[in-house]
There are 2 protein chains.
Amino acid sequence: MTSPLRFLPTPVSVCGPADDEPDLRPAEGAGVDEELALLAKAVGHPARVKILRLLARRNTCICGDIVDEIPLAQSTISQHLKVLKKAGLVQGTISGPRVRYCLRPRGLRRLRALIGGL
Amino acid sequence: MTSPLRFLPTPVSVCGPADDEPDLRPAEGAGVDEELALLAKAVGHPARVKILRLLARRNTCICGDIVDEIPLAQSTISQHLKVLKKAGLVQGTISGPRVRYCLRPRGLRRLRALIGGL
DNA sequence: ACTGGTCATCGTAATTTAACGATACCATGT
DNA sequence: ACATGGTATCGTTAAATTACGATGACCAGT
């Protein structure tokens, strides 16, 4: 018997460990407004949207290639990555001298859930 | 034959006219990143999230009752409404001496679609 | 130990955002 | 015509955001 997952386009091979446990947090109530605002604000910049799309496109988690793809200074990209990381939308794991960034499915799901709850 | 729509919780009686035509705009490509950033930035503030929830809760479109519900000055609320309106997430129609605000399903769908495209 | 490449942080300047009070606007009722 | 109540806009201030170059930290090779 093959798993149903075989028919999905491969779990995209995320950097970190299992990030697909169910999210039991509420989608409404105290604190959730601030949570959604933080998530949305993180997406609320064209450069950060581009970064997210870039990470979504390449299943291989890239690092400073982002700097080559986006016409911004390296320090600026680093700041944007920091914002995305703090919001839980992105994850960075050091790999030798460089850092491999990747999407964090849990954060994206959370954002979609809260947006959907509007 | 009854329409499948009869099984939905009523179209919530939006203020304006028909706002449920299909959205044929692309979900990716040039300019879309900026569009998503603008939409997300509009949601990226707790007060604006509260406003959106308030409008979603009361199917009747309220106006300055928002000021009573949110501990901010009237002028500040008005500015937040302006941001939401400019983003296309909210619609305000003057009704006599007051203004009735309501959600704009088209804008919300657009936001959900673009977020889903990440 | 030194060097080179990669990334984060610091310090700074310009721009934007958020919040408020005051004021202007506008439709309605007296 | 005039006052009134509900909104929008203006002007201002404080804080946050964005962007950059320079600097610092870190790991891999030589």
Side-chain angles (χ1 to χ4, degrees), chain A residues 15-16 33-52 54-55 58 60-104, chain B residues 15-16 33-52 54-55 58 60-104:
Chain A
C15 312
D33 291 357
E34 285 74 12
E35 187 190 359
L36 172 52
L38 280 178
L39 282 166
K41 197 197 298 194
V43 185
H45 192 286
R48 290 194 287 266
V49 173
K50 283 190 215 307
I51 292 177
L52 290 175
L54 211 54
L55 294 178
R58 320 195 180 184
T60 160
C61 314
I62 52 181
C63 72
D65 301 326
I66 305 174
V67 178
D68 299 333
E69 295 267 5
I70 298 178
L72 286 176
Q74 178 265 328
S75 57
T76 305
I77 297 288
S78 193
Q79 278 192 169
H80 283 309
L81 283 170
K82 191 176 181 181
V83 172
L84 290 171
K85 207 163 32 173
K86 188 160 51 184
L89 291 172
V90 145
Q91 183 180 6
T93 62
I94 56 178
S95 168
R98 60 199 76 196
V99 179
R100 310 200 321 152
Y101 278 98
C102 63
L103 294 181
R104 226 163 74 86
Chain B
C15 310
D33 291 357
E34 285 75 11
E35 186 191 359
L36 172 52
L38 279 179
L39 281 166
K41 196 197 299 195
V43 185
H45 192 286
R48 291 195 285 267
V49 174
K50 284 189 215 306
I51 291 177
L52 290 175
L54 211 54
L55 294 178
R58 318 196 180 185
T60 161
C61 313
I62 52 180
C63 73
D65 300 326
I66 304 173
V67 178
D68 299 333
E69 295 267 3
I70 298 178
L72 287 176
Q74 177 265 326
S75 57
T76 305
I77 296 288
S78 192
Q79 278 192 172
H80 284 307
L81 283 169
K82 191 177 181 179
V83 173
L84 290 172
K85 207 162 33 174
K86 187 161 52 186
L89 292 171
V90 144
Q91 184 179 8
T93 62
I94 56 177
S95 167
R98 62 199 76 199
V99 179
R100 309 199 322 153
Y101 277 98
C102 63
L103 295 181
R104 224 163 76 85

Exercise for review: Using whole Å, report how far CD of A/Glu34 lies from P of C/dA18.
Suggested key: 14 Å

Review point. Within this structure, what is the CD1-to-C1' distance between A/Ile62 and C/dT6, rounded to whole angstrom?
Key: 14 Å

Review point. A/His80 side chain: which of D/dT17, D/dA19, C/dA18 is closest?
Key: D/dA19

Review point. Nearest to the side chain of A/Lys82 - C/dT9, D/dC20, C/dA18?
Key: C/dT9

Point to revise | B/Gln91 side, atom CD; B/Leu81 side, atom CG - distance, nearest 0.5 Å | key: 13.0 Å

Practice item. Provide, to the nearest angstrom, the distance between the CD1 atom belonging to A/Ile66 and the C1' atom belonging to C/dC7. Key: 11 Å

**Study point:** d(NZ, A/Lys86; C1', C/dA8) in whole Å
**Key:** 14 Å

Practice item. State the NZ-NE2 distance between A/Lys85 and A/His80, to the nearest 0.5 angstrom. Key: 14.0 Å

Revision key, fill the gap. What one should report as the nearest heavy-atom pair of A/Ala47 and A/Leu72 is CB-CD1, 3.8 Å

Review point. What are the two closest non-hydrogen atoms of A/Leu39 and A/Ala87, and how far apart are they?
Key: CD2-O, 3.4 Å

Exercise for review: Could you tell me whether the phosphate oxygens of D/dT17, OP1 or OP2, come under 4.0 Å of any side-chain nitrogen or oxygen in A/Lys41?
Suggested key: yes

Exercise for review: Measure the CD-OG1 distance between B/Gln74 and B/Thr76 for me, rounded to the nearest 0.5 Å.
Suggested key: 8.5 Å

Practice item. Could you check B/Lys85 against A/Ala47 and say which one's nearest nucleotide on DNA chain D is further toward the 5' end? Key: B/Lys85

**Study point:** From D/dC20, C/dA8, D/dC10, nucleotide with atom closest to B/Ser75 side chain
**Key:** D/dC10

Check your understanding: Within this structure, what is the CZ-to-C1' distance between B/Arg98 and D/dA8, rounded to whole angstrom?
Key -> 16 Å

Exercise for review: Would you kindly check whether a donor in the side chain of B/Gln74 faces an acceptor in the base of D/dA8, or vice versa, at under 3.5 angstrom?
Suggested key: yes

Review point. Reckon B/Tyr101 has a side-chain N or O less than 4.0 Å from the OP1 or OP2 of D/dA8?
Key: yes

**Study point:** d(CD, B/Gln79; C1', C/dT17) in whole Å
**Key:** 9 Å

Check your understanding: What nucleic acid atoms does B/Leu72 come within less than 4.0 Å of, heavy atoms only: base, sugar-phosphate, or nothing?
Key -> sugar-phosphate

Review point. For DNA chain C, which consecutive runs of 3 or more Watson-Crick or G-U pairs (each distance under 3.5 Å) count as stems?
Key: C:1-30 with D:1-30

Review point. Is A/Arg100 reaching over with its side chain to a backbone N or O of A/Cys61, donor-acceptor style, under 3.5 angstrom?
Key: no

Review point. Roughly how far apart are A/Leu55 CG and A/Ile66 CD1, rounded to 0.5 Å?
Key: 5.0 Å

Point to revise | A/Arg100 CZ - C/dT6 P separation (whole Å) | key: 16 Å

**Study point:** Nearest-nucleotide pick for A/Thr76, side chain only, options being C/dA18, C/dA8, D/dC20
**Key:** D/dC20

Practice item. Give the rounded distance in Å between these two atoms: CG of A/Leu81 and P of C/dT6. Key: 16 Å

Practice item. Compare all side-chain heavy atoms of A/Glu34 with those of B/Lys50 and state whether any distance is below 4.5 angstrom. Key: yes

Point to revise | Atom pair NZ/CZ of B/Lys41 and B/Arg48 - distance to nearest 0.5 Å | key: 9.0 Å

Study note, to complete from the structure: Testing C/dA8, C/dC20, C/dA18 for proximity to the side chain of A/Ser78, the answer is C/dA8

Exercise for review: Measure the CD-CG distance between A/Gln79 and A/Leu84 for me, rounded to the nearest 0.5 Å.
Suggested key: 12.0 Å

Study note, to complete from the structure: Whether each nucleotide of nucleotides 24-30 of chain D has a protein heavy atom under 4.0 Å at its base (B), only at its sugar-phosphate (S) or at neither (-) is summarised, 5' to 3', as ---SS--

